[in-house]
J.: 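Please see the structure below; I have some questions.
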Amino acid sequence: MVQTLLIDDDKIIGLLHNKLVSKFNFPGPKVFVDAESALHYIMNVESDRIKKFIVFLDINMPGLDGWGFLKKSRSMALEQKLCVFILTSSIDLSDKLKAQSYPEVEGFIEKPLTAVKLREIMCMESMIKVITKA
């Protein structure tokens with residue numbers, strides 16, 4: 001089974017993105033306002049039930065930011081369970097290049113998430129593999 005996680009410190013954005021991914025039938029979306037809680041959830045969910053997480057990850061957050069989430073998930077050997085889309089307001093080229101250094105990051109999306117962007121994601125070969133293996 002696959003589950004979708006939305007990690008963004010802005011509660012309103014999280015709720016809006018949740019409605020949108022639900023409309024596109026992304027599996028079991030769950031919203032987190034901080035990356036630490038999301039990591040805790042991933043570690044404690046039944047691993048035999050959830051095989052992969054599609055993660056929409058904001059990078060600029062207080063506390064553990066998106067980069068910290070990626071680094072910490074690697075130290076916990078979780079990267080194989082993650083299919084990450086950076087979802088950010090950053091247009092900084094260095095952020096895009098940094099995202100490419102993480103194999104679990106499938107895309108870099110500028111906010112806001114839209115129907116057009118979700119359609120593009122759904123058509124990606126890597127996403128088709130994740131969803132069909134569920």
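If you're wondering where the values come from, they're calculated on a predicted model, not measured in any experiment.
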J.: Give me the other members of the hydrophobic cluster that Val116 sits in, counting Ile, Leu, Val, Met, Phe, Trp and Tyr linked by side-chain heavy atoms under 4.5 Å, directly or via other members.
T.: none
J.: For Gly14 and Val31, work out which heavy atoms get closest and say how close.
T.: O-CG2, 3.7 Å
J.: What residues form a ring-ring contact (aromatic ring centres under 6.0 Å, His included) with Phe85, not counting sequence neighbours?
T.: Phe56
J.: Applying side chain to side chain contact (heavy atoms under 4.5 Å, CB included), name anything that partners Leu97, two or more places apart in sequence or on another chain.
T.: Leu93, Gln100
J.: Work out which heavy atom in Asn60 is nearest to a heavy atom in Ser90; give both atom names and the distance.
T.: ND2-CB, 4.1 Å
J.: Go through the structure and list residues passing ring-ring contact (aromatic ring centres under 6.0 Å, His included) with Phe24, not counting sequence neighbours.
T.: none
J.: Might you point out which heavy atoms bring His17 and Leu6 nearest each other, and give the distance in Å?
T.: CB-CD2, 3.9 Å
J.: Is it the case that one hydrophobic cluster holds both Tyr102 and Val55, taking links as side-chain heavy atoms less than 4.5 Å apart, direct or via other members?
T.: yes
J.: Give me the atom names and distance for the closest heavy-atom approach of Ala99 to Phe108.
T.: CB-CD1, 3.8 Å
J.: Do the side chain of Lys30 and the main chain of Ala38 share a donor and acceptor less than 3.5 angstrom apart?
T.: no
J.: Report yes or no: does Ser73 contribute a side-chain atom to a donor-acceptor pair with the main-chain N or O of Glu79 at less than 3.5 Å?
T.: no
J.: Got a second to check how far Trp67's CH2 is from Leu57's CG, nearest 0.5 Å?
T.: 8.0 Å
J.: Using the side-chain hydrogen bond (donor to acceptor under 3.5 Å, both in side chains) criterion, which residues pair with Ser101? Sequence neighbours excluded.
T.: none
J.: Tell me the salt bridge (Lys or Arg N to Asp or Glu O under 4.0 Å) pairs involving residues 62-75, sequence neighbours left out?
T.: Glu36-Lys72, Arg74-Glu104
J.: Are Val33 and Leu5 connected into the same hydrophobic cluster when the rule is that any two of I, L, V, M, F, W, Y join if their side-chain heavy atoms are below 4.5 Å apart?
T.: no
J.: Evaluate Phe69 against Ile42 for side-chain contact (heavy atoms from CB on, under 4.5 Å), listing each step before the verdict.
T.: CA-CA 11 Å; Phe69 172 90; Ile42 293 167; 4.0 Å; yes
J.: Starting from Ile91 and following side-chain heavy-atom contacts under 4.5 Å between hydrophobic residues (I, L, V, M, F, W, Y), which residues can be reached?
T.: none
J.: Taking side chain as C-beta onward, heavy atoms only, is Leu70 less than 4.5 Å from Ile59?
T.: no
J.: Hey, quick one: are Leu113 and Leu15 part of the same hydrophobic cluster, counting side-chain heavy atoms closer than 4.5 Å, chains of contacts allowed?
T.: no
J.: Return the set of residues passing side-chain hydrogen bond (donor to acceptor under 3.5 Å, both in side chains) with Ser22 (not counting sequence neighbours), or none when no residue passes.
T.: none
J.: Taking it one step at a time, do Leu64 and Asp34 satisfy side-chain contact (heavy atoms from CB on, under 4.5 Å)?
T.: CA-CA 7 Å; Leu64 186 66; Asp34 67 89; over 6 Å; no
J.: My understanding is that a hydrophobic cluster links ILVMFWY residues whose side chain heavy atoms are under 4.5 Å apart, including indirect links. Using that, what else belongs to the cluster containing Leu16?
T.: Ile12
J.: Is there side-chain contact between Leu78 and Phe53, with heavy atoms separated by less than 4.5 Å?
T.: no
J.: How about Leu87 and Asp58: do any of their side-chain heavy atoms sit closer than 4.5 Å?
T.: no
J.: How far apart are the closest heavy atoms of Met43 and Met76, and which atoms are they?
T.: CG-CE, 3.2 Å
J.: State the NZ-CE distance between Lys51 and Met1, to the nearest 0.5 angstrom.
T.: 11.5 Å
J.: For Ile54 and Ile121, run side-chain contact (heavy atoms from CB on, under 4.5 Å): C-alpha distance rounded to whole Å, both residues' side-chain angles, the deciding distance at 0.1 Å, then the answer.
T.: CA-CA 11 Å; Ile54 301 167; Ile121 290 168; over 6 Å; no
J.: Are Val105 and Met61 co-members of a hydrophobic cluster defined by side-chain heavy atoms under 4.5 Å apart?
T.: yes
J.: Using the test ring-ring contact (aromatic ring centres under 6.0 Å, His included), find all partners of Phe32 that sit at least two apart in sequence or belong to another chain.
T.: Tyr41
J.: Quick one: salt bridge (Lys or Arg N to Asp or Glu O under 4.0 Å) pairs with a partner in residues 84-100, sequence neighbours left out?
T.: Lys96-Glu110
J.: Please check if Leu20 and Val2 belong to a single hydrophobic cluster, counting links between Ile, Leu, Val, Met, Phe, Trp and Tyr side chain heavy atoms closer than 4.5 Å.
T.: yes
J.: Not counting sequence neighbours, list each pair that qualifies as a salt bridge (Lys or Arg N to Asp or Glu O under 4.0 Å) and has a residue in residues 13-25.
T.: none
J.: Between atom CG of Leu118 and atom CD1 of Ile109, what is the distance when rounded to the nearest 0.5 Å?
T.: 7.5 Å
